[in-house]
Enquirer: 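A single structure is presented below for examination.
Atoms within each ligand, like the ligands themselves, are counted from 1 in listed order.
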Amino acid sequence: MSGQQSPGGRRGKQQGQGSGRSQGQRRGRSQRQSRPRISGARIVAYDVLRDVVERDAYANLALASRIRDARLDGRDAALATELAAGTLRSLGRLDRIIELAADRPAKDIDARTLNVLRIGAHQLLAMRTAAHAAVHESVELQRLVGNERVAGFVNGVLREIGRSTNEEWDARIADTAKSADDALAVRTSHPAWVVRALRDALRAEGSEAELDALLDADNASPRVNLALLEGAGITAEELALVEPDALDAVGPSPIGLELTGGDPGRAIAGAEERAAIPAGLLRVQDQGSQLAALALVRATQVRPSERWLDLCAGPGGKTAILGAEAVVEGATVRANEVSDHRADLVRNSVDGVAALSPETVTVVSHDGREEEAFGCGRDDHELYDRILVDAPCSGLGALRRRPEARWRKQPSDLPELTALQTELIDAAVAHLKPGGVLAYVTCSPHLAETRVGVERALKRHPELRELDAKAAVRAAAREDAEPSLPGEQLSAQLWPHRHDTDAMFISLLTREAQ
Ligand SMILES: C[S@@+](CC[C@H](N)C(=O)[O-])C[C@H]1O[C@@H](n2cnc3c(N)ncnc32)[C@H](O)[C@@H]1O
């Protein structure tokens, strides 16, 4: 981000920042003076912003714990979430607007004041908060958390921001940008290298014209989607009829449902009770992830007693789908995850499947590049019929889900990730049965992690052949919602703006029988 600090990039005390008051110190102060009239939601949003920007916290975890500590009710929790997540997503654009309004670089504004300004500007530009309320509450917030002497500065900058419309600010951003790409990156609040990577990926399938729509989709909060696993005893369409106020059977995945309102936990509990669904078979999951797991199962006819492997399984969303499908197909699944903690999450995630069939899924924890992860010999009958390599990746396909993620990733992360992806693919290929299918999946559309990785794997392993993943994804999809998948490549790329899913990349490779 030019002329501004990325979240996590600003550490230590800044000039005029004050001493870092804790909640308790704040309370002491407000007991001495009259308590500022400021909503709990705004204080929580400010604290979350600080947790993320200064302490590298994950926004969703910080939000959950701050909302709990502040005992916000549902409405205020939603407001705090919109304030914090919206501000974090829009940080690049907000900072440029603050720089233009304050006539100074964001890095010259002390960290606390900058966060107060960011939240205030987000309310003025993206929420329906009345201008006078947004300015007034921000000034009060500055008095509470920052240097009182610059409360007038906060007032002045926010009033200046409120004087122009979004369109006028975007025009000023364009006028002062270093290039058209810089203007687009700032306007849509993405780092410029991410904009370039997304454009390259769209261009590779002939869809470059969709770039603006994709960047906009990254800035919208995703709707909550659920997967209804095999064994539930009811289809997604039937469940939507039982729960018309909470669930809708829409989207590309045939087992997918969209939450139409309310809290996911409550919707799941209600549906489990009213439709007698065994616990653990109705789960929150992006529909792109659902399709990736289903495409591997549907790629070829499943034979009796197949052996499946999920090599990078944590936290287990796709393992649960594979497990439920395996119960029906008479297959078994070995789920491997390098982190012990995440392996435990996989165990929890397959609870529902284990209740149906305790022997179907086994969870282990090893490095997926090591022999132990596979737990098999090298004779053909010991190898795997289907392997999912849902590889660790940059996550550029799930930016809408993690508001701070785009500011944390760097192009310099890619070489290490692609090297790991290569090693995981190679290890998987060595344990794939002749005629078996390997699904290489990333929640990133970055070409270095998608097509380049696949092309290189095909070169290193002449025994591999790429299958038509587009056809497999279409075949796996809900009949009336077959995803549009343009481009010459055999791999499938899903997109938030087109499919309302994360930008999952799915390639299917088979090992030719020799
Ligand atoms: C994209 S996530 C998988 C998501 C999962 N399939 C799901 O649907 O819930 C990648 C996982 O790979 C794990 N991982 C990273 N390095 C690994 C390695 N060397 N071997 C095995 N797993 C690894 C990460 O801990 C992470 O849990």
Enquirer: Check whether any N or O atom of Gln285, backbone or side chain, sits under 3.5 Å from an N or O atom of ligand 1, and answer yes or no.
Expert: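 No; every N/O pair is 3.5 Å or more apart.
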Enquirer: Tell me: protein heavy atom nearest atom 14 (N) of ligand 1, and distance?
Expert: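 Ranking protein heavy atoms by distance from atom 14 (N) of ligand 1, first comes Val338 CG1, 3.6 Å.
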Enquirer: So which protein heavy atom does atom 19 (N) of ligand 1 come closest to, and at what separation?
Expert: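 Going by distance alone, atom 19 (N) of ligand 1 is nearest to Asp367 OD1, 3.1 Å.
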Enquirer: Are the side chain of Lys470 and the backbone N or O of Gly487 linked by a donor-acceptor pair below 3.5 Å?
Expert: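 Yes.
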Enquirer: Is Ala313 close enough to touch ligand 1? Criterion: a residue heavy atom under 4.0 Å from a ligand atom.
Expert: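 Heavy atoms of Ala313 do come under 4.0 Å of ligand 1.
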Enquirer: Residue-level breakdown please: for Lys318 versus ligand 1, do any non-hydrogen atoms fall below 4.0 Å on the side chain, on the backbone, on both, or on neither?
Expert: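 Contact part for Lys318 vs ligand 1: both backbone and side chain.
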Enquirer: Tell me every residue that passes salt bridge (charged side-chain N to carboxylate O under 4.0 Å, His left out) with Asp200, counting only those two or more places apart in sequence or in another chain.
Expert: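 With neighbours one apart ignored, the set is Arg203.
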Enquirer: Judged by modelled atom types alone, do Thr442 and Glu449 share a side-chain donor-acceptor pair under 3.5 Å?
Expert: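 Glu449 and Thr442 do not have a side-chain donor-acceptor pair below 3.5 Å.
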Enquirer: Report the C-alpha separation of Ser207 and Glu205 in whole Å, then their side-chain angles, then the decisive distance to 0.1 Å, and conclude whether the side chain to side chain donor-acceptor pair (under 3.5 Å) test is met.
Expert: CA-CA 6 Å; Ser207 307; Glu205 56 166 57; 2.9 Å; yes
Enquirer: Using a distance-only test with no angle check, is there a side-chain donor-acceptor pair under 3.5 angstrom linking Glu371 and His366?
Expert: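 Short answer, no.
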Enquirer: Look at ligand 1 and say whether Pro315 reaches it with a heavy atom at a distance under 4.0 Å.
Expert: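 Judged by the 4.0 Å heavy-atom criterion, Pro315 does count as contacting ligand 1.
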Enquirer: Looking only at protein heavy atoms, identify the closest one to atom 4 (C) of ligand 1 and say how far it is in Å.
Expert: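 Going by distance alone, atom 4 (C) of ligand 1 is nearest to Gly314 O, 3.0 Å.
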Enquirer: Just do the salt bridge (charged side-chain N to carboxylate O under 4.0 Å, His left out) check on Arg187 and Asp212 with the steps written out, would you?
Expert: CA-CA 10 Å; Arg187 180 172 62 72; Asp212 277 8; 3.8 Å; yes
Enquirer: Short question: side chain of His499, backbone of Ser484 - any donor-acceptor pair under 3.5 Å?
Expert: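 Between the backbone of Ser484 and the side chain of His499 there is a qualifying donor-acceptor contact (under 3.5 Å).
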Enquirer: Could you identify the single nearest non-hydrogen protein atom to atom 10 (C) of ligand 1 and state the distance to 0.1 Å?
Expert: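 Checked against all protein heavy atoms, atom 10 (C) of ligand 1 sits closest to Asp390 O, 3.5 Å.
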Enquirer: Which atoms from ligand 1 have a heavy atom of Gly368 less than 4.0 Å away?
Expert: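 Listed by number with element: 18 (C), 19 (N), 20 (N), 21 (C).
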Enquirer: Under a 4.5 Å cut-off applied to non-hydrogen side-chain atoms, are Leu282 and Leu239 in contact?
Expert: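 Touching, per the 4.5 Å side-chain cut-off.
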Enquirer: Under a heavy-atom criterion of less than 4.0 Å, does Ala391 contact ligand 1?
Expert: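 Distance cut 4.0 Å: Ala391 passes for ligand 1.
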Enquirer: What is the nearest protein non-hydrogen atom to atom 13 (C) of ligand 1, stated with its residue, atom name and distance?
Expert: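 It is Glu337 OE1, 3.3 Å.
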Enquirer: Among the heavy atoms of Leu311, does any lie under 4.0 Å from an atom of ligand 1?
Expert: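 Per 4.0 Å heavy-atom rule, Leu311 contacts ligand 1.
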Enquirer: Going through the checks in order, is the side chain to side chain donor-acceptor pair (under 3.5 Å) test met by Arg386 and Thr300?
Expert: CA-CA 10 Å; Arg386 286 167 214 262; Thr300 55; 3.0 Å; yes
Enquirer: Could you tell me the residue and atom name of the protein heavy atom closest to atom 9 (O) of ligand 1, and the distance to it rounded to 0.1 Å?
Expert: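 Among all protein heavy atoms, the one nearest atom 9 (O) of ligand 1 is Gly317 N, 2.9 Å.
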Enquirer: Polar-atom distance check: Leu420 versus ligand 1, any N or O pair below 3.5 Å?
Expert: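 Among all N and O atoms of Leu420, none is under 3.5 Å from an N or O of ligand 1.
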Enquirer: List every atom of ligand 1 that sits less than 4.0 Å from any heavy atom of Arg342, numbering the atoms from 1 in the order shown and giving each element.
Expert: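 Taking each heavy atom of Arg342 in turn, ligand 1 has 25 (O), 26 (C), 27 (O) under 4.0 Å.
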Enquirer: Tell me which protein heavy atom sits closest to atom 15 (C) of ligand 1, plus the residue, atom name and distance to 0.1 Å.
Expert: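 Result: Pro392 CG, 3.4 Å.
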Enquirer: So, 4.0 Å and heavy atoms of Gly316: is ligand 1 close enough to count as a contact?
Expert: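 Contact present.
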Enquirer: Determine whether more than 12 heavy atoms belonging to other residues, nucleotides or ligands lie under 6.0 Å from atom CZ of Arg460.
Expert: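 Result for CZ/Arg460: enclosed.
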Enquirer: Compile the donor-acceptor pairs under 3.5 Å between side chains in residues 247-257 and protein atoms, sequence neighbours left out, one pair per line.
Expert:
residue, atom, partner, partner atom, Å
Ser253, OG, Ile255, N, 3.2
Ser253, OG, Gly256, N, 3.4
Ser253, OG, Gln290, OE1, 2.7

Enquirer: Closest non-hydrogen protein atom to atom 12 (O) of ligand 1, residue and atom name please, with distance?
Expert: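 Among all protein heavy atoms, the one nearest atom 12 (O) of ligand 1 is Cys312 CB, 3.3 Å.
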